[in-house]
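Sequence lines set the chain letters: A, B, ... in the order given, protein chains first and strands last, and positions in each chain run from 1.
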Number of protein chains: 6
Amino acid sequence: MKAIYITRRETFNAAHRLRREDWSDAKNDDVFGKCSNKNWHGHNFELFVTVKGAPSQETGFVMNLKELGTIIKSSVIEKIDHKNINLDVDFMKGIMSSTENLAIGIWDEIKELIDAKGGELVKIKLIETENNFVEYFGGKEPF
Amino acid sequence: MKAIYITRRETFNAAHRLRREDWSDAKNDDVFGKCSNKNWHGHNFELFVTVKGAPSQETGFVMNLKELGTIIKSSVIEKIDHKNINLDVDFMKGIMSSTENLAIGIWDEIKELIDAKGGELVKIKLIETENNFVEYFGGKEPF
Amino acid sequence: MKAIYITRRETFNAAHRLRREDWSDAKNDDVFGKCSNKNWHGHNFELFVTVKGAPSQETGFVMNLKELGTIIKSSVIEKIDHKNINLDVDFMKGIMSSTENLAIGIWDEIKELIDAKGGELVKIKLIETENNFVEYFGGKEPF
Amino acid sequence: MKAIYITRRETFNAAHRLRREDWSDAKNDDVFGKCSNKNWHGHNFELFVTVKGAPSQETGFVMNLKELGTIIKSSVIEKIDHKNINLDVDFMKGIMSSTENLAIGIWDEIKELIDAKGGELVKIKLIETENNFVEYFGGKEPF
Amino acid sequence: MKAIYITRRETFNAAHRLRREDWSDAKNDDVFGKCSNKNWHGHNFELFVTVKGAPSQETGFVMNLKELGTIIKSSVIEKIDHKNINLDVDFMKGIMSSTENLAIGIWDEIKELIDAKGGELVKIKLIETENNFVEYFGGKEPF
Amino acid sequence: MKAIYITRRETFNAAHRLRREDWSDAKNDDVFGKCSNKNWHGHNFELFVTVKGAPSQETGFVMNLKELGTIIKSSVIEKIDHKNINLDVDFMKGIMSSTENLAIGIWDEIKELIDAKGGELVKIKLIETENNFVEYFGGKEPF
């Protein structure tokens with residue numbers, strides 16, 4: 001088997017804030033800085049979903065990108081695009097909406113759905129701004 | 001005089017929504033779609049500020065980019081970065097926070113400050129997402 | 001009236017070739033180089049459509065981007081995306097498929113439809129590769 | 001030894017289609033969608049070739065980028081740039097021209113040539129559009 | 001005549017500094033800041049050259065991009081790529097190497113050569129960093 | 001523990017040259033080509049620093065990006081931005097200023113400082129031009 005990795009990009013725009021209600025304003029400001037603004041701020045996120053597999057002899061595909069796109073759109077984008085991550089997104093309820101936690105949350109939403117189609121979800125990359133992004137391999141540590 | 005145009009890019013992240021309280025939810029949804037989400041959404045904005053002038057014989061500059069950056073940062077970025085455009089930004093109070101209106105608002109904030117330094121502000125470009133942006137020439141219509 | 005310019009980006013992928021059947025292979029190769037390859041080549045095109053107008057008092061919009069997107073998609077993208085420009089696209093039949101002519105063809109497809117919605121189409125920008133693009137202002141010459 | 005990874009980017013434009021002649025039009029359309037268009041479509045591809053090695057004490061190089069560029073250009077770019085992948089490219093004859101298979105084909109063309117120069121080819125990344133790309137590590141599975 | 005604008009991008013890497021020998025270190029630092037570093041610094045420049053004209057009936061071209069590329073390469077890129085703008089570039093001798101002056105210098109190098117081919121050079125855009133660029137229209141002021 | 005990877009981007013502009021004084025001009029030119037220009041050339045570098053860890057229950061952070069940014073800025077950017085890598089940068093003295101060696105030098109400057117904060121520096125990516133970059137994992141070979 002010749003394992004190969006395919007990646008699909010989707011984008012979404014959302015509001016969020018990093019803020020603990022059990023902390024004072026001063027402590028929130030000290031730890032989270034501008035990201036703790038009470039009235040929210042937001043980002044254009046770029047999401048990259050990577051699936052591993054062997055190309056099919058018949059189609060040349062690891063996985064049909066249309067099917068992959070459908071899973072990402074229905075399980076992630078529709079729930080989060082033009083939404084407030086802290087208030088509107090069921091899978092982020094009660095969780096700090098850091099880019100780290102959001103990437104893990106997205107992984108958990110789509111892992112089983114993708115693997116059921118014969119591919120293997122191996123990586124989520126989530127770009128929050130041009131200056132910071134996170135990568136998550138389901139807890140594995142390739143490096 | 002050899003007129004030349006210099007442009008400075010700055011970035012900011014902000015939340016906003018497009019929503020009229022005097023309209024029903026249905027009408028807001030019909031006109032503004034996902035952008036009317038009650039709990040806000042947000043973007044990474046890219047702002048390009050263009051100044052026209054002749055390069056100085058002494059420095060080769062139309063305008064010192066450090067000075068230009070200082071004006072943009074103190075008059076725009078500090079007021080809007082990691083903020084809610086509808087709630088937190090004084091120069092957008094009571095105005096629909098469309099990209100169009102935001103570009104006009106930014107122009108009005110910095111026009112006099114830049115022109116006082118000897119350059120001439122001639123254009124604002126404001127990118128909201130990779131798929132849409134606006135350009136404003138102070139009301140002039142070059143094309 | 002405060003004129004402002006809004007731009008919508010759409011993308012499409014297409015095959016084409018630059019080749020005159022009334023010319024020899026040698027002449028085609030001399031004038032069009034690699035672009036004259038008999039069996040076609042292709043590009044990821046980026047299309048930017050710019051509309052001028054005054055922002056509405058009610059919505060802050062020059063033109064509803066959803067409506068603008070619908071016009072571009074139905075009149076251009078559906079006809080050309082994943083197609084052969086020379087063979088499959090009605091509005092390019094019998095015309096050399098240079099980026100210049102393609103931009104003019106796209107303008108002619110959408111000019112009336114956009115202007116009927118109250119905006120004014122003022123510019124088409126068409127990127128063929130990272131190294132070359134064209135801009136068309138309906139024949140006007142702003143510079 | 002301090003292993004380090006250098007990557008060289010090259011670009012090419014090409015036409016292709018995903019279509020099985022032993023399938024009906026309906027089945028081709030169902031599986032490959034727009035990519036099965038009879039008259040081809042095309043892309044601007046970006047190719048990233050990654051080589052691993054220890055920097056030379058004398059030059060600081062893992063491998064001379066000029067030599068690496070020459071191998072990629074003569075073995076890949078000249079064969080595929082401004083060509084039809086299905087019809088014109090010897091190493092893709094009889095193979096579905098999916099991005100996956102193309103990345104594997106490119107690896108096979110350059111693996112020995114690069115390794116003969118003292119580096120070790122370890123990765124091919126091939127971007128087909130801004131929304132999808134593949135990565136191939138010669139069949140290895142780093143994650 | 002349907003005027004249309006074509007643009008060709010070329011890139012070059014160069015060292016330079018902004019520094020007046022008739023000024024003290026303190027004044028150089030005050031006006032030019034980090035850009036006055038005695039031992040130089042450098043950039044990856046992106047150069048966009050825009051030519052206006054009507055597409056030829058025969059070829060669909062305003063100007064053959066191969067010819068345009070040849071002019072830019074021989075008159076600009078070969079003189080400046082991997083060079084020191086202050087020390088190595090004949091057309092910048094004795095001139096402050098600001099982005100403004102460099103754009104004007106490039107215009108003067110290629111204006112006649114391009115216009116002799118039947119197009120009309122109308123714009124130079126020169127990107128110095130992701131945060132600043134200049135545009136020059138030969139002294140004209142379209143906006 | 002759910003290991004996740006966060007990456008921070010910083011940029012700097014610098015001059016350098018690849019040249020051995022113990023070699024003839026001809027040999028320098030043969031091995032290093034344009035990069036050996038006596039009077040230097042330069043680049044806009046993009047630096048990506050990747051840190052691995054588990055997100056904190058309290059903050060959702062692997063590491064506070066503000067702290068990470070401070071380390072990178074004080075230990076790398078301030079020493080190299082708008083400088084000459086060969087002449088001005090203490091940690092590159094006497095070392096060929098190839099992108100490979102520069103990435104290793106940057107790793108050595110920040111490894112202990114980052115790990116002391118509880119994260120683990122696992123990767124440096126350094127982009128020299130749009131066509132070449134290097135990646136360094138501290139000598140480890142993930143692929």
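By the 6.0 Å contact criterion, NZ on E/Lys38 is open, its count of non-hydrogen atoms from other residues, nucleotides or ligands being 12 or less.
When the salt bridge (charged side-chain N to carboxylate O under 4.0 Å, His left out) test is applied to F/Lys140, no partner is found at least two apart in sequence or on another chain.
In this structure, F/Asn44 and E/Gly42 approach most closely via the heavy-atom pair OD1-O, 3.8 Å. When every heavy atom of E/Lys34 is checked against every heavy atom of F/Asp81, the shortest pair comes out as NZ-OD2, 2.7 Å.
Distance alone, capped at 3.5 Å, places no donor-acceptor pair between the F/Asn84 side chain and the E/Trp40 backbone.
Residues of residues 100-129 of chain F placed with any heavy atom under 4.5 Å of a heavy atom in chain E are listed by number as F/Glu128, F/Thr129.
Looking at E/Ser36, neither its backbone nor its side chain comes within 4.5 Å of chain F, counting heavy atoms on both sides.
Comparing F/Arg17, F/Arg9, F/His16 by heavy-atom pairs within less than 4.5 Å of chain E, the highest count is held by F/Arg9. Across F/Thr11, F/Asn37, F/Leu87, F/Ile85, the residue that shares the most heavy-atom pairs under 4.5 angstrom with chain E is F/Asn37.
None of E/Val89, E/Asp88, E/Asn86 except one satisfies the side chain to side chain contact (heavy atoms under 4.5 Å, CB included) rule with F/Asn39; the exception is E/Asp88.
Under the 30°/60° scheme for interplanar angles, the aromatic rings of E/His82 and F/His43 are found to stand perpendicular.
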